[in-house]
Amino acid sequence: MTQPDAQLSGFVVAIDGPSGSGKSSVSKQVARTLDFGYLDTGAMYRALTWWCLEEGVDLADEAAVIDAAEAFPLTIGTDPDAPTVEVAGHDVAADIRETRISTQVSAVAGVIPVREIMRRLQRRLISEAGASRGGVVAEGRDITTVVAPDAPVRILLTASEEARLARRSKELHGHDGAEAVAATRSQIVDRDKADSAVSQFTVAADGVTTVDTSDLDFDGSVAAVLQVVAAARA
Ligand SMILES: Nc1ncnc2c1ncn2[C@@H]1O[C@H](COP(=O)(O)OP(=O)(O)OP(=O)(O)O)[C@@H](O)[C@H]1O
Ligand SMILES: Nc1ccn([C@H]2C[C@H](O)[C@@H](COP(=O)(O)O)O2)c(=O)n1
């Protein structure tokens with residue numbers, strides 16, 4: 001029989017949203033401001049993808065990917081000033097941002113039993129960070145709905161496709177000219193389409209507050225999230 005989830009420790013801020021909406025950068029800054037921990041669950045799926053490729057696992061072989069997830073030797077830091085990611089003692093923080101991972105991570109994240117393994121691990125990490133720092137900001141695609149639906153603050157951080165493409169183009173190419181945006185499209189649009197098959201992160205679920213950052217700059221986005229948190233803590 002499945003055991004009910006234990007209550008999460010600490011004050012949990014759950015943030016979901018599509019690619020390029022600003023989840024990682026905004027969540028990290030919110031966590032710093034509140035002196036909370038920070039959990040990047042996308043980094044966990046990226047690290048598992050890195051580990052599968054390192055181990056020669058065929059990503060089309062779901063049983064092999066599940067086996068890899070069950071024995072996944074991940075260590076992830078939740079300090080927003082130094083969010084480390086290590087697999088079997090290797091620092092993979094930079095490697096997991098490579099295009100080869102971005103283009104293959106959806107295949108791993110799309111395996112339902114893998115998501116359940118990750119959900120359990122993520123709840124444990126959220127609780128540990130919440131217990132040691134009093135609170136935690138956890139971000140991803142299914143945190144508000146599946147991983148921490150019991151969080152006191154749940155936010156869908158979103159932005160128009162145009163804004164998200166421009167942001168990612170500037171990050172990757174230094175500008176948002178037409179060619180750069182076209183080169184970036186698959187990393188935003190195609191990945192969101194694949195990830196939408198297993199998670200709902202384009203429309204806010206019941207009780208989830210939408211923060212649309214299309215017309216906000218970075219500081220404005222951080223302030224908008226902090227306002228939602230302050231209202232919940234008042
Ligand atoms: N409100 C904003 N205005 C302008 N740029 C922003 C804003 N929020 C974030 N950015 C920038 O947009 C880029 C993408 O942000 P970030 O990586 O945090 O998005 P993400 O939602 O975590 O994406 P992914 O899910 O693909 O990892 C970064 O360069 C970030 O600095
Ligand atoms: N809770 C989560 C977090 C992430 N994913 C998947 C979807 C993304 O393609 C991938 C990498 O995430 P990113 O670093 O871009 O935020 O991981 C997910 O399915 N559920």
Side-chain angles (χ1 to χ4, degrees), residues 14-31 38-50 52 69 76 80 83 85 92-93 95-112 114-123 125-126 137-149 154-176 180 184-202 211-225:
I15 299 185
D16 287 325
S19 187
S21 59
K23 296 180 301 300
S24 309
S25 49
V26 170
S27 298
K28 222 179 288 175
Q29 187 55 30
V30 166
Y38 162 69
L39 183 65
D40 176 353
T41 62
M44 296 172 68
Y45 283 101
R46 287 174 178 273
L48 178 57
T49 306
W50 181 90
C52 287
I76 186 160
V85 191
V92 298
D95 296 5
I96 62 172
R97 304 291 160 194
E98 288 174 3
T99 305
R100 73 183 181 109
I101 303 295
S102 300
T103 53
Q104 298 185 85
V105 62
S106 299
V108 170
V111 180
I112 299 299
V114 165
R115 302 194 69 79
E116 178 52 24
I117 294 165
M118 295 296 254
R119 188 187 79 87
R120 285 198 298 268
L121 180 54
Q122 286 158 3
R123 279 189 72 88
L125 290 163
I126 288 169
V137 183
E139 53 96 357
R141 303 293 191 288
D142 62 349
I143 311 305
T144 62
T145 54
V146 176
V147 175
R154 295 184 297 147
I155 293 172
L156 182 78
L157 192 73
T158 192
S160 66
E161 187 175 293
E162 191 190 5
R164 293 185 289 113
L165 278 167
R167 288 174 190 171
R168 190 45 48 84
S169 296
K170 281 186 193 154
E171 187 183 343
L172 294 177
H173 307 284
H175 62 91
D176 60 353
T184 307
R185 184 165 284 274
S186 71
Q187 288 209 30
I188 296 275
V189 181
D190 297 351
R191 193 146 62 88
D192 278 349
K193 195 171 167 203
D195 296 333
S196 291
V198 288
S199 305
Q200 168 54 274
F201 53 81
T202 52
V211 174
D212 188 333
T213 68
S214 306
D215 299 320
L216 299 177
D217 63 10
F218 178 75
D219 289 345
S221 302
V222 172
V225 170

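Start at 1 and go down the list; that is how both ligands and their atoms are numbered. Note that the coordinates shown come from a computational prediction; the quantities given were computed from them, not determined experimentally.
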Report summary line: atom 1 (N) of ligand 2 has as its nearest protein heavy atom Asp142 OD1, 2.8 Å
Requested in this report: Give yes if a backbone or side-chain nitrogen or oxygen of Arg191 is under 3.5 Å from a nitrogen or oxygen of ligand 1, and no if not.
Outcome: yes
Query raised in the report: For atom 21 (O) of ligand 1, what is the nearest protein heavy atom, given as residue, atom name and distance?
Result: Lys23 NZ, 2.8 Å
Report task. Answer yes or no: does an N/O atom from Arg46 fall short of 3.5 Å to an N/O atom of ligand 1? Result -> no
**Report entry** Per-atom contacts, ligand 2 versus Val105 - under 4.0 Å to a heavy atom
**Finding:** 9 (O), 10 (C), 17 (O)
Requested in this report: With Ser106 as reference, evaluate Asp195, Val198, Asp190 under the side chain to side chain contact (heavy atoms under 4.5 Å, CB included) test and give the passing residue.
Outcome: Asp195
Report task. Please could you name the atoms of ligand 1 that Ser25 approaches to less than 4.0 Å, counting only its heavy atoms? Result -> 9 (C), 15 (O), 16 (P), 18 (O), 30 (C)
**Report entry** Numbering as shown, the atoms of ligand 1 that approach Leu216 to under 4.0 Å (heavy-atom distance)
**Finding:** 1 (N), 2 (C), 3 (N)
Requested in this report: From the options Ser196, Ser106, Gly42, select the one whose nearest heavy atom is closest to atom 12 (O) of ligand 2.
Outcome: Gly42
Query raised in the report: Between the side chain of Ser21 and the main-chain N/O of Leu157, is any donor-acceptor distance below 3.5 Å?
Result: yes
Query raised in the report: Just distances here: any N/O of Ser199 and N/O of ligand 2 closer than 3.5 Å?
Result: no
Query raised in the report: Counting only heavy atoms, which portion of Ala159 has something under 4.0 Å from ligand 1: side chain, backbone, both, or neither?
Result: neither
Query raised in the report: Does even one non-hydrogen atom of Gly42 get within less than 4.0 Å of ligand 1?
Result: no
Query raised in the report: For atom 19 (O) of ligand 2, which candidate among Met118, Arg141, Arg115 holds the nearest heavy atom?
Result: Arg115
Report task. Report yes if Thr213 has an N/O atom closer than 3.5 Å to an N/O atom of ligand 1; otherwise report no. Result -> no
Report task. Around atom 1 (N) of ligand 1, find the nearest protein heavy atom and jot down its residue, atom name and distance. Result -> Ser221 OG, 2.7 Å
Query raised in the report: At under 4.0 Å between heavy atoms, which part of Arg46 makes contact with ligand 2: side chain, backbone, both or neither?
Result: side chain
Report task. Using distance alone, decide if ligand 2 has a nitrogen or oxygen within less than 3.5 Å of any nitrogen or oxygen in Thr41. Result -> yes
Query raised in the report: Which residue and non-hydrogen atom of the protein lie closest to atom 19 (O) of ligand 1, and at what distance in Å?
Result: Gly22 N, 3.2 Å
Requested in this report: Under 4.0 Å from a heavy atom of Ala109: give me the atoms of ligand 2 that qualify, with their elements.
Outcome: 6 (C), 19 (O)
Requested in this report: Distance to 0.1 Å, residue and atom name: give those for the protein heavy atom nearest to atom 17 (O) of ligand 2.
Outcome: Tyr45 CB, 3.5 Å
Query - Polar atom proximity, Val26 to ligand 1 (N or O, under 3.5 Å) - result: no
Requested in this report: Report the C-alpha separation of Ser102 and Arg46 in whole Å, then their side-chain angles, then the decisive distance to 0.1 Å, and conclude whether the side chain to side chain contact (heavy atoms under 4.5 Å, CB included) test is met.
Outcome: CA-CA 7 Å; Ser102 300; Arg46 287 174 178 273; 3.1 Å; yes
Report task. Say whether Pro18 and ligand 1 are in contact under the criterion: heavy-atom distance to a ligand atom below 4.0 Å. Result -> yes
Requested in this report: Mind checking whether Arg168 contacts ligand 1 via backbone (N, CA, C, O), side chain (CB onward), both or neither, at a 4.0 Å heavy-atom cut-off?
Outcome: side chain
Requested in this report: List the atom of Ile101, the atom of Trp50, and the distance in Å for their closest heavy-atom pair.
Outcome: CD1-CA, 3.8 Å
Query raised in the report: Are any side-chain N or O atoms of Arg141 and backbone N or O atoms of Phe201, one a donor and one an acceptor, separated by less than 3.5 Å?
Result: no
**Report entry** Residues Thr103 and Arg191: side-chain donor-acceptor under 3.5 angstrom
**Finding:** no
Query - Shortest non-hydrogen contact between Leu216 and Ser221, atoms and distance - result: CB-OG, 3.7 Å
Query raised in the report: For atom CD of Glu98, is the number of surrounding heavy atoms from other residues, nucleotides or ligands below 6.0 Å larger than 12?
Result: yes
Report task. Could you grab the distance from atom CD of Gln104 to atom OG1 of Thr49, nearest 0.5 Å is fine? Result -> 8.0 Å
Query raised in the report: Would you call Gly20 a ligand 1 contact, heavy-atom distance under 4.0 Å?
Result: yes
Report task. Search all heavy atoms of Asp212 against all heavy atoms of Ala159 and return the closest pair with its distance. Result -> OD1-CA, 3.8 Å
Report summary line: Honestly, for Glu171 the part within reach of ligand 1 (heavy atoms, under 4.0 Å) is side chain
Requested in this report: Specify the closest pair of heavy atoms between Ile126 and Ala138, including all atoms of both residues, with the distance to one decimal.
Outcome: CD1-CB, 3.7 Å
**Report entry** ligand 1 versus Ser19: contacting region, heavy-atom distance under 4.0 Å
**Finding:** both
Query - Any Arg141 heavy atom less than 4.0 Å to ligand 1 - result: yes
Query raised in the report: Is there at least one pair of N or O atoms, one from Ser19 and one from ligand 2, spaced under 3.5 Å apart?
Result: no
Query - Protein residue, atom and distance nearest to atom 22 (O) of ligand 1, heavy-atom basis - result: Ser24 OG, 2.7 Å
Requested in this report: Would you mind checking if Glu116 and Arg120 are paired as a salt bridge, meaning a charged N to carboxylate O distance below 4.0 Å?
Outcome: yes
Query raised in the report: Arg167 and Thr213: side-chain donor and acceptor closer than 3.5 Å?
Result: yes
Query raised in the report: Just which atoms of ligand 2 are under 4.0 Å from any heavy atom in Gly140?
Result: 1 (N), 3 (C)
Report task. Salt-bridge test for Arg168 and Asp192: reply yes if a basic N is under 4.0 Å from a carboxylate O, no otherwise. Result -> no
Query raised in the report: atom 8 (C) of ligand 2: which protein heavy atom is closest, and how many Å away?
Result: Asp195 OD2, 3.2 Å
Query raised in the report: Does any N/O atom on Arg97 come nearer than 3.5 Å to any N/O atom on ligand 1?
Result: no
Query raised in the report: Is Arg97 touching ligand 2 with its side chain, its backbone, both, or neither, if touching means heavy atoms under 4.0 Å apart?
Result: side chain
**Report entry** Nearest non-hydrogen protein atom, atom 15 (O) of ligand 2
**Finding:** Arg191 NH1, 2.7 Å
Requested in this report: Could you find the nearest protein heavy atom to atom 12 (O) of ligand 1 and give me its residue, atom name and distance?
Outcome: Arg167 CB, 3.3 Å
Report task. Below 4.0 angstrom from a heavy atom of Phe218, which ligand 1 atoms are there? Numbered from 1 as shown, please. Result -> 1 (N), 2 (C), 3 (N), 8 (N)
